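Single-structure report; data block below.
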Amino acid sequence: MNLYFMRHGIAVDRADSGAGSGDRERQLTPKGIKRMNKAAKGLATLSLIFDRILTSPLERARQTAKIVAQILQLEDRVEEIEQLSPEQSAQDLLSGLVAYSGKKEILLVGHEPQLSSTISVLLSGTSGAVIRLKKGGLCCLQVDGLPPRASAVLHWALTPKQLRLMAR
């Protein structure tokens with residue numbers, strides 16, 4: 001099974017999000033939307049077909065997942081899961097993913113530091129490995145199942161700029 005970890009695109013700063021709107025409602029900026037569209041077009045050149053696109057319930061992640069799903073024509077495969085919320089731990093996320101153990105290709109759209117922590121746990125067994133996933137960045141790990149019985153294998157990691165450069 002392959003797990004793809006994508007951090008949401010560039011979002012409105014907390015200070016600029018407006019009074020009364022919390023962190024959960026922060027949206028992608030116009031620049032963030034433009035860059036995610038181009039990054040998703042770069043992702044399309046890899047000809048990946050995701051069985052599921054799982055997203056955090058926070059608006060900026062949902063928007064990112066929607067952009068990717070539209071470009072890849074997989075809108076019917078997007079699903080929101082609470083375990084991708086930024087306050088959840090790597091173990092919470094991995095526990096939530098067990099329900100998808102029959103799938104082969106899963107894209108996870110979420111937040112830092114949860115995504116990097118989960119990648120670290122899967123690769124090394126601890127959350128101590130230093131991994132930095134930039135906004136709009138993507139990483140692919142192969143796991144032997146959910147829950148994994150052995151360390152994951154890192155297949156590749158792409159910066160958002162690399163994804164945008166791959167766009168046709």
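Just so it is clear, the structure is predicted and the values come from calculations on it, not from any experiment. FYI, side chains are in, hydrogens and waters are out, and symmetry mates aren't considered; it's all heavy atoms of this structure.
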*Specify the closest pair of heavy atoms between Met166 and Leu158, including all atoms of both residues, with the distance to one decimal.*
SD-CD1, 4.0 Å

*Yes or no on side-chain contact (heavy atoms from CB on, under 4.5 Å) for Thr55 and Thr64, after CA distance, side-chain angles and deciding distance?*
CA-CA 9 Å; Thr55 181; Thr64 300; over 6 Å; no

*Check side-chain contact (heavy atoms from CB on, under 4.5 Å) between Ser95 and all other residues, then give those that pass, not counting sequence neighbours.*
none

*Please examine the side chains of Leu28 and Val12, heavy atoms only from C-beta on, and report whether any two atoms are closer than 4.5 Å.*
no

*Would one find more than 12 heavy atoms of other residues, nucleotides or ligands at under 6.0 Å from atom CD of Gln73?*
no

_Just to verify, what does Pro57 make a side-chain contact (heavy atoms from CB on, under 4.5 Å) with, not counting sequence neighbours?_
Arg24, Glu80, Glu82, Ser85

_For the student: nearest non-hydrogen atoms of Ala167 and Lys38, plus distance_ = CB-O, 3.5 Å

_Contacts of Arg35 that satisfy side-chain contact (heavy atoms from CB on, under 4.5 Å) - sequence neighbours left out_ = Ile10, Lys31, Arg164

*Are Leu48 and Val153 joined in one hydrophobic group, where the rule is that I, L, V, M, F, W and Y side chains link up if heavy atoms are under 4.5 Å apart?*
no

*With distance as the sole test, does Ser117 use its side chain to make a donor-acceptor pair with the main-chain N or O of Ala90 at under 3.5 Å?*
no

_Quick one, Ile106 with Phe50, criterion side-chain contact (heavy atoms from CB on, under 4.5 Å). Give me CA distance, side-chain angles, the key distance, then yes/no._
CA-CA 5 Å; Ile106 300 174; Phe50 300 113; over 6 Å; no

*Mind telling me whether Trp156 and Tyr4 have parallel, tilted or perpendicular rings, with 30° and 60° as the class edges?*
tilted

*Going through the distances and angles, do Leu72 and Leu43 end up as a side-chain contact (heavy atoms from CB on, under 4.5 Å)?*
CA-CA 8 Å; Leu72 300 179; Leu43 177 57; 4.1 Å; yes

*Where Arg26 and Ala11 come nearest, the two heavy atoms and their spacing*: NH1-CB, 4.1 Å

*Return yes if some donor-acceptor pair links the side-chain N/O of Asp51 with the main-chain N/O of Lys103 below 3.5 Å, else return no.*
no

*asked:* Under a 3.5 Å distance rule, please check whether Gln114 uses its side chain to pair with a backbone N or O of His111 as donor and acceptor.
replied: no

_Rounded distance [0.5 Å steps], CG in Asp13 versus OG1 in Thr29_ = 9.0 Å

_According to side-chain contact (heavy atoms from CB on, under 4.5 Å), who are the partners of Ala152, at least two apart in sequence or on a separate chain?_
Leu122, Leu123, Leu141, Val143

*Check whether any side-chain N or O of Ser124 sits under 3.5 Å from a backbone N or O of Ser120 as a donor-acceptor pair, and report yes or no.*
yes

*Hey, could you give me the CD1/SG distance between Ile131 and Cys139, rounded to the nearest 0.5 Å?*
7.0 Å

_Could you work out, with salt bridge (charged side-chain N to carboxylate O under 4.0 Å, His left out) as the rule, every residue matching Glu79, not counting sequence neighbours?_
Arg52

_Closest approach of Leu3 to Leu146 (non-hydrogen atoms, all atoms of both residues)_ = CD1-CD2, 4.5 Å

*For His8 and Ser56, does a side-chain donor sit closer than 3.5 Å to a side-chain acceptor?*
no

*So, Ser127 side chain and Val121 main chain: donor-acceptor pair closer than 3.5 Å or not?*
no

_Linked, directly or transitively: Val109 and Ile119 (ILVMFWY side chains, under 4.5 Å)_ = no

*Rounded to the nearest 0.5 Å, what separation is found between the CD1 atom of Ile53 and the CD atom of Glu75?*
8.5 Å

*If only atom types and distance count, is the side chain of Thr45 paired as donor or acceptor with the main-chain N or O of Gly42 below 3.5 Å?*
yes

*Just checking, is any N or O donor in the side chain of Gln83 or Asp92 under 3.5 Å from an acceptor N or O on the other one?*
no

_Derivation of the side-chain contact (heavy atoms from CB on, under 4.5 Å) call for Gln88 and Leu93_ = CA-CA 7 Å; Gln88 302 284 322; Leu93 177 54; 5.9 Å; no

*Roughly how far, to the nearest 0.5 Å, is CG of Asp23 from CD of Glu87?*
9.0 Å

*State the CG-CG distance between Leu107 and Leu138, to the nearest 0.5 angstrom.*
6.5 Å

_In one Ile/Leu/Val/Met/Phe/Trp/Tyr side-chain cluster, 4.5 Å: Leu133, Leu58_ = no

*Just jot down the salt bridge (charged side-chain N to carboxylate O under 4.0 Å, His left out) partners of Arg7, sequence neighbours excluded, or say none.*
none

*asked:* So, taking the atom named CE in Met36 and the one named CZ in Arg60, what distance separates them when rounded to the nearest 0.5 Å?
replied: 13.5 Å

*In terms of hydrophobic clustering (I, L, V, M, F, W, Y; side-chain heavy atoms under 4.5 Å; direct or indirect links), are Phe5 and Leu54 co-clustered?*
yes

*Closest approach of Glu105 to Ile49 (non-hydrogen atoms, all atoms of both residues)*: CB-O, 3.5 Å

*Least distance between heavy atoms, Leu163 atom then Met6 atom*: CD1-CE, 4.3 Å

